[in-house]
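Scroll down for the structure; my scribbles are underneath it.
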Amino acid sequence: MNVILARMGEITLKGLNRGSFEIQLKSNLKYRLKRFGKLKIFQSQSRIWIEPLEEDNPYFADLQSAQEIMKAITQVFGIVSVSLARKFDGDFDSICENTKAYVTELLADHPEYKTFKVESKRGNKSFPMNSPVICEELGAFILDNFEGLTVKVKKPDFIVNVEIRESNYVYCGKMMAHRGLPVGTAGRGMLLLSGGIDSPVAGFMMASRGMPLDAVYFHSYPYTSDQAKQKVIDLAKIVSGYSGRMTLHVVNFTQIQLDMYKNSPQDMLTITMRRVMLQIAEQIALQNNCKCLITGESLGQVASQTLEAIAATNEVVKMPILRPLIGLDKQATCDISREIGAFETSILPFEDCCTIFVAKHPKTHPHPEDVVKAEENLDIAEMVKEGVLGTEKIEINPF
Ligand code: ATP
Ligand code: MG
């Protein structure tokens with residue numbers, strides 16, 4: 001039978017509370033893998049085994065069919081890597097037979113593979129051959145049975161891993177996962193999610209530290225279109241593939257932006273607007289049991305992301321604002337965006353509310369007095385109240 005081996009990472013460094021991280025991880029895996037049939041998920045030391053309870057589960061049929069469930073496991077934070085392993089009982093002959101079947105499947109997918117080596121672990125000391133002998137004899141068996149393969153000790157194309165425990169296991173290669181800590185082991189955060197490249201990455205990064213998310217999006221219909229909103233919903237869904245289901249709070253921001261546009265100086269608009277956004281986000285966060293705000297800001301990237309501008313927006317809220325991208329350059333952020341499957345959606349060309357009402361020459365280094373003056377003719381408290389009240393809730397599920 002085929003089973004999946006998932007390796008845990010940072011959790012294994014935890015001390016007394018390791019157990020609670022492991023329980024959360026198994027519960028997250030259970031939820032994420034619900035649609036792949038009846039499974040047994042159990043842990044042994046730093047590994048988690050996932051076995052089908054029904055013999056004909058198609059997701060475990062062979063290496064090719066297992067790609068989908070393996071990919072789903074890589075999206076669960078706390079897992080470092082995954083392999084599809086063949087599990088069987090028996091003597092050395094059965095090891096040879098099962099290895100032959102596995103390598104045949106592997107080579108069908110990777111005809112370019114020419115070199116290999118065997119690595120072996122023997123947990124069950126009553127097995128009559130020791131590890132070096134298993135490696136040697138299984139290596140010879142593979143050479144006899146697969147024309148064109150040769151042994152290479154350093155950097156072979158693939159490694160045949162054999163483990164002898166209560167059962168025997170054979171597997172080759174592994175799919176890398178996203179590491180991190182299981183979602184649910186930290187408090188909930190409210191992600192300010194725009195349609196851009198940065199904020200979905202910021203959400204992904206905080207979720208990778210165990211943080212479940214809600215998201216808030218400021219929508220200025222008709223200045224921002226329904227397509228822009230749909231794009232944010234799509235991005236929320238992509239992020240939820242990692243962070244779990246979330247509520248997306250869509251704030252109707254049109255009237256507030258128009259008021260600001262009319263009643264405050266153009267060059268301060270970006271900062272004033274961001275100050276109001278953060279206050280609305282904080283109120284919605286409080287109502288939804290979120291303990292921090294998260295943005296995709298990166299120092300110096302645009303006018304509103306200078307240190308002075310950040311200070312001016314920081315001071316209006318009490319909650320911590322987490323900015324996981326603050327020290328990353330754009331290229332690094334784009335790389336993560338591609339890796340998590342958000343990039344293609346993020347670059348769709350729909351306007352963001354910030355880009356429409358933005359001044360030609362925004363103040364990049366505002367003095368605190370400028371900020372106060374810019375808000376003289378605005379009823380900020382009323383705007384915040386109005387924003388919170390006019391919010392639509394959308395439930396987002398990863399699948
Ligand atoms: P992004 O790529 O995430 O859109 P950006 O580079 O466009 O970021 P800004 O427009 O200055 O930068 O926005 C900085 C951060 O403010 C965003 O990363 C996001 O967290 C938040 N933000 C901006 N616009 C909105 C919006 N319309 N709704 C919710 N959050 C927003
Ligand atoms: Mg943006």
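Quantities reported herein were computed from a predicted structural model and do not represent experimental measurements. In listed order, ligands and their atoms are each counted from 1. Nothing fancy with the numbering, it's 1 onward along the sequence.
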Distance filter under 4.0 Å to Gly296 heavy atoms, resulting ligand 1 atoms:
17 (C), 18 (O), 20 (O)
Between Gln43 and Glu22, do the side chains contain a donor N or O and an acceptor N or O under 3.5 Å apart?
yes
Interfacing atoms of ligand 1 (cut-off 4.0 Å, heavy-atom, Ile197)
2 (O)
Short side-chain donor-acceptor distance under 3.5 Å, Ser81 and Arg7
yes
Please classify the Met277 to ligand 1 contact at 4.0 Å (heavy-atom distances, strictly less than): side chain, backbone, both or neither.
side chain
Side-chain contact test, heavy atoms from C-beta onward, threshold under 4.5 Å: evaluate it for His219 versus Val232 and give yes or no.
no
Any luck finding a side-chain donor-acceptor pair between Gln257 and Ser220 under 3.5 Å?
yes
Do Phe218 and ligand 1 have an N or O pair less than 3.5 Å apart?
yes
Which part of Leu191 is near ligand 1, with near meaning a heavy atom under 4.0 Å away: side chain, backbone, both or neither?
neither
Check ligand 1 against Val216 and write out every atom of the ligand that is under 4.0 Å from a heavy-atom position of the residue.
29 (C)
May I ask you to list the atoms of ligand 1 that are less than 4.0 angstrom from any heavy atom of Thr295?
20 (O)
Distance-only polar pair, side chains of Ser199 and Ser194, donor-acceptor under 3.5 Å:
yes
Just to be sure I read this right, does ligand 1 sit under 4.0 Å from the backbone of Val232, its side chain, both, or neither, counting only heavy atoms?
neither
Looking at ligand 1, does any of its N/O atoms fall within less than 3.5 Å of an N/O of Tyr217?
no
Please could you name the atoms of ligand 1 that Gly196 approaches to less than 4.0 Å, counting only its heavy atoms?
1 (P), 2 (O), 4 (O)
On a heavy-atom basis, I'd like to know which of Arg274, Arg323, Glu297 is closest to atom 13 (O) of ligand 1.
Arg274
For Tyr171, does the six-membered ring have the charged nitrogen or CZ of Lys174 within the cation-pi criterion, i.e. under 6.0 angstrom from the centroid and within 45° of the normal?
no
Is there a side-chain contact between Ile310 and Ile326, using heavy atoms and a 4.5 Å cut-off?
yes
Should we count NZ of Lys330 as having more than 12 external heavy atoms under 6.0 Å?
yes
Just go through Ala228, Pro200, Ser194 and tell me whose heavy atom is the nearest to atom 31 (C) of ligand 1.
Ser194
